[in-house]
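Notes for the one structure printed next.
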Amino acid sequence: MTKISDTIKYIGTDDLDIDLFESQYHVPEGMSYNSYVIIDDKIAVMDTVDNRKGEEWKRNLASALGGRTPDYLVVHHMEPDHASLIAEAIGMYEGLTVVTSEAAAKMLANFFEGVDFGNRVHTVKEGDTLELGHHTLHFIAAPMVHWPEVIMSYDAQDKVLFAADGFGKFGALCNETDDWACEARRYYFNICGKYGAQVQAVLKKAATLDIQTICPLHGPVLTGDLTPYLSLYDTWSRYEPETDGILVAYASIHGGTAAAAIRLAEILREKGAGKVVVSDLSRSDMAEVIEDAFRYPKVVVAAASYDGGVFPVMHDFLYHLQIKNYQNRTFGIMENGSWAPSAARVMREMIEQMKNVTIVEPVVTIRSRMKASDIPALEALADALV
């Protein structure tokens, strides 16, 4: 059991058996479900965990309580990986009151059919407080980070921000490394990436608080100099590039488009482009490619034509960017088609629906296989990007 402070304890769990988080994100290093308990005159349990690890969480909670009974269960976020055990908790502790936002309270019936919460739910809003004794929780509305009901809370005594899904990352705590940003970046853009404006609003609120510790619902507790974490969140939520470089993402059926994309990457490097990342959309982890697209300022999309449109994995990639509110980037386009190239048209249409994007010329068309006569067009596209 990890001690956050003399009176705040970690009671979360690691899940090393999960293969896909939210049934879509590969988590080879597992996942943590974080929960905390504040021991004071009154005791507040801060969220539960995924039902997959419910028995372990109940043991952790009982150990932390040391025979005492909790007064409050603070629910910052109703997603099941954090709130699955609400009904069990109120069944275990007769005097327990659920403290949550009004929007979350309305969701309880969605997840817990037939459970009578009666008068055991206390709703809070922005600016409300919960007195525990020495500790006072100050509630912060954080709608759409990344669900509409989300709240955060700030403990003025120990200067701790309970940040819900904010500042979370993929990976179990037992597999934690020093490189927080890598999996935090993939987590942010795929989970919260659409909601940059809402994250900015929360960051402005956080800037008014003396925060010394951030307790997220996934990933490590953040302590020490918090500036690097806050700075990255500021950059990410502004949709600004984090690192100079170019992502070349290709969707190839028989290898022709792949060869041309790889040659373009070589030309880009020869021309001094610096960091060039090449991703095969048919084989790469889509979440990692989305992460790279947000990380770098320029993206080349290279795809085969397919059924009068574009090869499906490229359509899926661009669709993911659209729904994550992708913006403020520069694109290069390369298509391949043996008889009636169509990929560039579809890719351009999808890109033009994004905010503040630039498509450089030329758009390169390859006919089946890259030939010596195609190299000048690749050179010209590289020049436009570099």
Side-chain angles (χ1 to χ4, degrees), residues 1-12 32 34-47 64 71-77 82 99-101 122-146 149-169 173 176 178 180-181 184-185 187-188 192 195-238 240:
M1 187 181 304
T2 302
K3 184 174 77 169
I4 309 303
S5 72
D6 289 341
T7 50
I8 302 177
K9 298 178 181 180
Y10 177 86
I11 57 169
S32 69
N34 296 345
S35 175
Y36 311 87
V37 60
I38 302 174
I39 307 295
D40 205 331
D41 297 339
K42 291 185 178 296
I43 295 176
V45 180
M46 312 300 275
D47 300 290
D71 299 276
Y72 303 109
L73 171 59
V74 179
V75 177
H76 294 96
H77 182 19
H82 310 301
V99 179
T100 195
S101 68
H122 174 65
T123 60
V124 292
K125 61 184 183 303
E126 175 88 26
D128 285 350
T129 59
L130 183 66
E131 300 288 344
L132 302 177
H134 297 289
H135 296 265
T136 300
L137 292 177
H138 299 256
F139 292 100
I140 302 161
M144 299 317 303
V145 186
H146 60 119
E149 88 301 356
V150 173
I151 54 172
M152 298 180 181
S153 62
Y154 173 69
D155 168 36
Q157 173 69 18
D158 289 338
K159 299 177 172 55
V160 176
L161 178 68
F162 294 94
D165 269 346
F167 300 95
K169 67 182 288 292
L173 297 187
E176 187 58 31
D178 292 334
W180 176 87
R185 184 187 299 108
Y187 179 92
Y188 174 84
C192 301
Y195 305 108
Q198 290 85 350
V199 173
Q200 279 287 306
V202 170
L203 288 175
K204 287 180 172 61
K205 297 175 187 179
T208 67
L209 304 172
D210 179 10
I211 301 170
Q212 296 183 6
T213 302
I214 298 176
C215 288
L217 287 176
H218 295 295
V221 173
L222 305 178
T223 59
D225 181 10
L226 300 178
T227 304
Y229 312 112
L230 294 167
S231 177
L232 282 173
Y233 254 63
D234 184 51
T235 297
W236 297 342
S237 58
R238 291 179 187 274
E240 294 176 353

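Only this structure's heavy atoms are used, side chains among them; waters, hydrogens and symmetry mates stay out.
Of all heavy-atom pairs between D158 and S5, the closest is OD2-OG, 2.6 Å.
A distance of 9.5 Å separates CD1 in I151 from OG1 in T123, rounded to the nearest 0.5 Å.
Within the 4.5 Å cutoff, the side chain of H146 has heavy atoms near those of the H77 side chain. Proximity of V150 to M144: side-chain heavy atoms (C-beta onward) are nowhere separated by under 4.5 Å.
The ring-ring contact (aromatic ring centres under 6.0 Å, His included) search around H138 returns none, not counting sequence neighbours. Contacts of T136 classified as side chain to side chain donor-acceptor pair (under 3.5 Å), with partners at least two apart in sequence or in another chain: E131. Taking the ring-ring contact (aromatic ring centres under 6.0 Å, His included) definition, one finds that Y188 meets it with Y233, W236, sequence neighbours left out. Scored by the ring-ring contact (aromatic ring centres under 6.0 Å, His included) test, Y229 finds W180 as partners (sequence neighbours excluded). The side chain to side chain donor-acceptor pair (under 3.5 Å) check on E240 picks up nothing, with sequence neighbours excluded. Partners of S153 by side chain to side chain donor-acceptor pair (under 3.5 Å), not counting sequence neighbours, listed by chain and number: H76. L130 is linked by a side chain to side chain contact (heavy atoms under 4.5 Å, CB included) to Y72, V74, V99, L132, L137, F139, counting only residues two or more places apart in sequence or in another chain. Take A201 and apply the side chain to side chain contact (heavy atoms under 4.5 Å, CB included) test, not counting sequence neighbours, and it matches no residue. In this structure D225 satisfies the side chain to side chain contact (heavy atoms under 4.5 Å, CB included) test together with T227, P228, sequence neighbours excluded. Considering only residues two or more places apart in sequence or on other chains, A181 meets the side chain to side chain contact (heavy atoms under 4.5 Å, CB included) condition with D179, R185, L232. D6 is linked by a side chain to side chain donor-acceptor pair (under 3.5 Å) to K3, counting only residues two or more places apart in sequence or in another chain.
Using modelled atom types, one side-chain atom of D40 and one backbone atom of H134 make a donor-acceptor pair closer than 3.5 Å.
Surrounding NZ of K159 are more than 12 heavy atoms belonging to other residues, nucleotides or ligands, all under 6.0 Å away. More than 12 heavy-atom neighbours from other residues, nucleotides or ligands sit within 6.0 angstrom of NZ on K205.
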For residues 212-220, run the donor-acceptor check on the side chains, cut-off 3.5 Å, and write out each pair with its distance to 0.1 Å, sequence neighbours left out.
unit_1	atom_1	unit_2	atom_2	d
H218	ND1	S32	O	2.6
H218	NE2	D81	OD2	2.8
H218	NE2	H82	NE2	3.3

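With 3.5 Å as the limit, one finds a donor-acceptor pair spanning the side chains of S237 and Q200. Counting only N and O atoms by type, the side chains of D47 and Y36 include no donor and acceptor under 3.5 Å apart.
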